[in-house]
Amino acid sequence: RITINHIFSDNHNWDIYKLKHGRELREVEVKEVQKMLKCGKKGFKVFRCPKCGSEKIIYYGCDSRICTHCGRIFTNKWADQIARKTFNVKHRHIVLTIQDELRPLFEANRKLLKVLMDCAILAIAQVMEWTLGKEVTPGVIAVLHTYGKDMKWNPHIHALVTEGGFKKNGEWVDMKIFPYKMLRRAWQYHLLTNLKDRIDDTHENRSLIHRLFQEYPEGFYVRAKDTINNRREMIKYIGRYIRHPAIAESRIEGYDGEHVTFWYLDENGNKHHVKMDVEEFIT
């Protein structure tokens, strides 16, 4: 199996990348990569069976969030902790996306990514209040993804939302139907109006916001069809869909020193193959 560690370290790929993009890299990015590159090199423990003498070597991990080995362990622990804090009610998995034209704004100014998170929470709470006809507080776990299945820049929000909420007196109110069509419009409205106040007031930006309202009268695409019934399901779901490393090494098909090839499945289960140069893959 081709490892991400090997792709980063081979031919000094990471060192060259760091020299070329040093000013663009954030401290946390450099730190997590350096940890990953040392994975398995910090020593190990040897376990020996006293009866048969067989041995098993366990290497110390790196705890890097981008390491496909340690990152998965970190994700599973995080999923278990989160699931323990949730209410034992049905949850809905919601994915809130943005139009392609907006992606460059977030890539140029990563501080705007907080707007995505805030607007997602606001839209979900508002739609639930409209649907139930009363003020309630839902439980929401929102996680930002800045990449798509094809590894390209694609900021979007994954959220686990309780199918219902609490009134001010603590009474729980169930919501039988989740109106994702209404959520699409609420998500579009809050995102575009909040972005308008935070980006430069130029003719180009004003035209972009106006056009995205006009061209998408049904709102931005939202997927809200998967229901999680209990905490056991939630732990598995979070680890698989919500928080995970950018790519599983099992999806990497080839590496020739200059290019990386991998595959992914789209929403319809169709398999696609992607080839990109090492620099883009590291990015």
Side-chain angles (χ1 to χ4, degrees), residues 65 75 78-79 81-83 85-87 89-132 134-149 152-166 173 175 177-199 205 208-209 212-213 215-228 234 237-244 246 267:
R65 287 183 288 174
T75 294
W78 185 83
Q81 292 172 357
I82 291 295
K85 295 178 181 178
T86 60
F87 299 103
V89 299
K90 288 184 178 181
H91 285 68
R92 185 69 62 103
H93 177 209
I94 299 174
V95 183
L96 302 103
T97 69
I98 64 175
Q99 300 310 121
D100 294 353
E101 299 94 319
L102 290 174
R103 294 179 187 176
L105 292 176
F106 294 94
E107 190 170 16
N109 182 4
R110 294 180 68 97
K111 291 182 179 179
L112 291 176
L113 291 171
K114 186 179 186 303
V115 177
L116 284 181
M117 303 288 282
D118 293 342
C119 291
I121 302 294
L122 182 60
I124 290 168
Q126 189 177 70
V127 167
M128 192 171 291
E129 186 175 329
W130 287 343
T131 303
L132 296 174
K134 59 193 73 176
E135 185 178 349
V136 297
T137 301
V140 183
I141 301 168
V143 177
L144 169 71
H145 284 199
T146 55
Y147 51 85
K149 293 181 179 180
K152 302 292 179 64
W153 175 259
N154 178 14
H156 59 283
I157 302 294
H158 284 256
L160 289 178
V161 183
T162 54
E163 292 192 355
F166 288 101
V173 182
M175 187 169 72
I177 300 175
F178 210 102
Y180 65 90
K181 291 184 178 180
M182 185 187 299
L183 180 58
R184 289 182 59 162
R185 291 191 289 270
W187 165 239
Q188 177 198 44
Y189 171 79
H190 287 298
L191 179 59
L192 291 181
T193 52
N194 275 274
L195 275 179
K196 184 179 179 181
D197 294 335
R198 287 169 171 79
I199 59 179
N205 286 339
L208 174 63
I209 299 297
L212 290 177
F213 270 122
E215 292 184 1
Y216 300 94
E218 299 300 317
F220 291 163
Y221 177 72
V222 170
R223 187 176 185 274
K225 297 182 179 179
D226 296 341
T227 297
I228 299 96
M234 183 173 292
Y237 205 93
I238 291 174
R240 184 176 181 183
Y241 294 104
I242 306 300
R243 183 163 186 167
H244 54 78
E267 295 294 334

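Hydrogens, waters and symmetry mates play no part in the numbers below; they use all other heavy atoms, side chains included.
For the pair M117 and A142, the tightest heavy-atom approach, listed with the atom from each and the gap, is CE-O, 3.5 Å. In plain terms, the two heavy atoms of P155 and I98 that are nearest each other are O-CG1, 3.6 Å. Residue M182 comes nearest to W130 through the heavy atom pair SD-CE3, 3.5 Å, listed as atom of the first residue, atom of the second, then distance. Nearest heavy atoms, V115 versus R198: CG2-CD, 3.3 Å.
Between R92 and M175 there is no side-chain heavy-atom pair separated by less than 4.5 Å. Between L144 and I157, the closest side-chain pair of non-hydrogen atoms falls below 4.5 Å. Side chains of D118 and L122 form no contact here, defined as non-hydrogen atoms less than 4.5 Å apart.
Remark: Y189 OH is loosely packed, at most 12 non-hydrogen atoms of other residues, nucleotides or ligands lying under 6.0 Å away. Residue Y180 qualifies as open at atom OH: its count of foreign heavy atoms under 6.0 Å is 12 or below. Other residues, nucleotides and ligands contribute over 12 non-hydrogen atoms within 6.0 Å of the CZ atom of F213. Few gaps surround NZ on K149; more than 12 heavy atoms of other groups in view lie less than 6.0 Å from it.
Checking L96, V127, T97, I124 one by one against V222, the side-chain contact (heavy atoms from CB on, under 4.5 Å) holds for a single residue, L96.
With salt bridges taken as basic N to acidic carboxylate O contacts below 4.0 Å, one links R185 and E218.
Remark: T227 OG1 to E163 CD distance equals 4.5 Å, nearest 0.5 Å. With values rounded to the nearest 0.5 angstrom, T193 atom OG1 is found 9.0 Å from I209 atom CD1. With rounding to the nearest 0.5 angstrom, the NE2 atom of H190 is 13.0 Å from the CG atom of L195. Between atom CD1 of residue I199 and atom CG of residue N109 there is a gap of 10.0 Å, rounded to the nearest 0.5 Å. In this structure, OG1 in T137 is found 10.0 Å from CE in M128, a value given to the nearest 0.5 Å.
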Please walk me through it: do Y216 and Q99 pass side chain to side chain donor-acceptor pair (under 3.5 Å)? CA-CA 10 Å; Y216 300 94; Q99 300 310 121; 3.2 Å; yes

Applying side chain to side chain contact (heavy atoms under 4.5 Å, CB included), run through F178 and L183 and close with a yes or a no. CA-CA 9 Å; F178 210 102; L183 180 58; 3.9 Å; yes

Evaluate the criterion side chain to side chain contact (heavy atoms under 4.5 Å, CB included) for residue pair L102 and F220; output intermediate values, then yes/no. CA-CA 12 Å; L102 290 174; F220 291 163; 4.0 Å; yes

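Note: H93 and H91 fail the aromatic proximity criterion, with ring centroids not under 6.0 Å apart.
The backbone N or O of R103 lies less than 3.5 Å from a partner atom in the side chain of W153, making a donor-acceptor pair.
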